[in-house]
Each structure stands twice: as C-alpha cells, then as structure tokens.
Amino acid sequence: MTIRPLRDASELDLFRSLPYTLNEEIDADLAAGRRRLPWMWVALREGRVVARAAWWARAAGDEPLLLDVFDLEDPEVPEGFERPEGPGGRGTVDSVPDAVPVSGTAGEASAAARVEVGAALLRAATARLFPGPGGSARLPGCSRFLSPGWRADPAESRAVRERVAALELTGARPLVERLRLQWQPGAGRVPAPSDRLSFRPAGPRAEFVELMAAVLDGTLDAHSRQELAGKAPRRCAEEQYDGELARYASPREWWRTATLPDGEPVGFVVPARNAYGPIIAYIGVLPAHRGAGLVSDILGEGTRVLAAAGAPRIRASTDVGNTPMARAFERAGYATFQRQLDLTWQS
C-alpha cells in the first residue's frame, strides 16, 4: 500500500479514476489556485487508486478551507468501466497493515478494509498538510455532495456509511445534512416584487455586520451554531463578511437590505457570483420579524437581482432542518438537485 500526494499533473487522470461530480472542476481549480497538487493524495495498490482525498481553498494563496474530495474504491464497478493504470511510486506509509486485502478486483476488498485504507490516507495526508500543535481542531471540515435520494440507493448509502466510518476513525463527526437548491429560468418563474417590503442597497460594512450579527440570534444554521459556541456573534459576522462575502468578485450593488415602509430593517440578502456561478450567498431575517413569511419576499428580491443580471441558473443551500428556509426556496421555484453532508473535527 502506497500513500502519497500527486507528483505532477500527469497523474490527474489517475486521481480521477474514482468517479465524483467534482472531477470536472479539478483542472479549473488547479489553474485558479483553489487546489494544489500537494493537497491531492492517493492510496495506491498495484498502481490502482483505492482511496483519494483532496482539499480546496476559496482563492489562490489561501490555506485549505475544506476537504471536499474523499473517495474509497467502489467494489461495485460498473460493467465496462476501465480504471487508468498508474505507477505505485515511493512513499509507502508503514502504518497501513500489510494484510489489508485490496487486490486484483475491486469486489475483493471488504468494507472494513476499505474503511481502514481511507482512514490511513487521511491520517497520512493531514499529518503532512497540517503539522504542529492544535491537532484535530485545526483540520478543515469535510463536505460531500450526494444525490437527493441517496438513502434509498443501496450502493450510495453503503458508500456514504463507509466514507463516514473512515472519517470518524480520524476524529470527524457528522455536523449537518444540507439541501443544494437550484433555480433556472423557465423551470421557475421570477418571483413577483414584494408588496410588504422595500429594498435598498446594502449599507457600509459596519451596518451590514451589525445586521449579520443580529440574525445569528436563534439561527437554525448548524455551521453558525457551531461558530457561536466559541465566538461572540459580532466576531462570527465580521469573519464571515471579510473572509467570504467581501471577497466575491460580483458587484456589491447586488446586495439588498430589506425594510418596512418606514425604513426599519427586517433582513437582508446577498446575491453574488462565486467561482462556479450565481448564488444566493446569504439571507437572513431579524429575530423580531420572523414567523411572518418575510423570508420569501427577501429571497424573491435576491432571485430577481440575479435573474435581471442574466443568470443561467442560481444555486443556494440550506440545512435540512431549517424548514422555514427550505419552504421559502421551494415556493420561489428552487428545486433540490443534490444533498450535502458536512462533517467536522473538534478538539
């Protein structure tokens, strides 16, 4: 068993020998600096990839933000599917048991062996990429895209169980399952303008951060609740504003603050464009105004902004457990095209 990072770009096809939706984005991410070859690791048995992992950053020059590719060899290889050959190379990790039975055909590997190989790959890669004090608390989270009905698919649900088991052996724990949503012209109508709210361009940083901090009170978002366990709401808002929202290259003029007719703010929406397309980056309703369905009006405004800019599609996401937000997206014509499972390491 050999575990190592990719040596050069000639091994990208070897890395892509395990199927996943993000395979098609790897070249563009590498060119933009969102990925680096030293962040892309494989576990090889006789030149075949039996596990792989890769980390992603928001922009060139950033540290890894997310483990977004983590795959174990599928024992149920589709008929006619041929895996590219590749060299085993040097860098054998001694901690991988010699008895791990990953050999000739994919179906010979037991579930326990696949899980152990995946865990060994993660241990080796994270020890190299994230050395020093801090341990698991320093590791970026993990995110995986799944089909909308993954639980009803025996092969996919088995693969999810094995992948999660490998991650848990390294200290990760499931955090939340999310809906990935999409609106497309023609498939969904552009929501009508609100007859209850007015919208103005977002104010300066200090004003917008104040609104962001306020909506964290009683939030149903699992990632926000995790952040709030160790930081004050304003600190969480400032970090999200500076680390994510302010870095979108799309016009800040798209951002909207929602107000009552008398000018009182009730919420906001951040329509944006990330490296992959138009998105609803953030939406929130102030606690005093929740329960009146205003989130639909605010989401409608964000959708109209992007539709007017010619968006071929708009994507968004929300926690499965955030029922009010999920229903608002459904009413606005957004359909679930994937689910997303997020895991995290904590000290």
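Below, all heavy atoms of this structure are taken into account, side chains as well, without hydrogens, waters or symmetry copies. Counting begins at 1 with the first residue of the sequence.
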| Asp29: which of Arg36, Arg58, Arg34 passes salt bridge (charged side-chain N to carboxylate O under 4.0 Å, His left out) | Arg34
Side-chain donor or acceptor of [X] paired with backbone N/O of [Y] under 3.5 Å:
{"X": "Glu11", "Y": "Arg7", "answer": "yes"}
{"X": "Arg52", "Y": "Leu18", "answer": "yes"}
{"X": "Arg151", "Y": "Pro148", "answer": "no"}
{"X": "Arg189", "Y": "Gly333", "answer": "no"}

In plain terms, say whether [X] and [Y] are close enough for a salt bridge, that is, a side-chain N and a carboxylate O under 4.0 Å apart.
{"X": "Glu239", "Y": "Lys231", "answer": "yes"}
{"X": "Arg304", "Y": "Glu301", "answer": "yes"}
{"X": "Arg16", "Y": "Asp71", "answer": "no"}
{"X": "Arg161", "Y": "Glu168", "answer": "no"}

| request: Name all pairs fulfilling the ring-ring contact (aromatic ring centres under 6.0 Å, His included) condition that reach into residues 145-179, sequence neighbours left out, sorted by first residue then second. | output: none
| Where at least one partner belongs to residues 273-308, residue pairs that pass ring-ring contact (aromatic ring centres under 6.0 Å, His included), sequence neighbours excluded | Phe268-Tyr282
Can you confirm whether more than 12 heavy atoms, excluding those of [X], are under 6.0 Å from its [atom1] atom?
{"X": "Arg273", "atom1": "CZ", "result": "no"}
{"X": "Arg173", "atom1": "CZ", "result": "yes"}
{"X": "Glu330", "atom1": "CD", "result": "no"}
{"X": "Arg235", "atom1": "CZ", "result": "no"}

Under a 4.5 Å cut-off applied to non-hydrogen side-chain atoms, are [X] and [Y] in contact?
{"X": "Leu167", "Y": "Trp345", "value": "yes"}
{"X": "Phe15", "Y": "Val49", "value": "no"}
{"X": "Val50", "Y": "Leu44", "value": "no"}
{"X": "Pro265", "Y": "Glu207", "value": "no"}

Distance-only donor-acceptor check, side chains [X] and [Y], under 3.5 Å:
{"X": "Ser143", "Y": "Asp342", "answer": "yes"}
{"X": "Ser10", "Y": "Asp8", "answer": "yes"}
{"X": "Arg315", "Y": "Gln182", "answer": "yes"}
{"X": "Glu156", "Y": "Ser147", "answer": "yes"}

| request: Using the six-membered ring wherever Trp is involved, compare the ring planes of Tyr241 and Trp255 and label them parallel, tilted or perpendicular (cut-offs 30° and 60°). | output: perpendicular
| request: Find out whether the Lys NZ or Arg CZ of Arg163 is both under 6.0 angstrom from the six-membered ring centre of Phe70 and within 45° of the ring's axis. | output: no
| field | Asp62: salt bridge (charged side-chain N to carboxylate O under 4.0 Å, His left out) partners, not counting sequence neighbours | value | Arg247
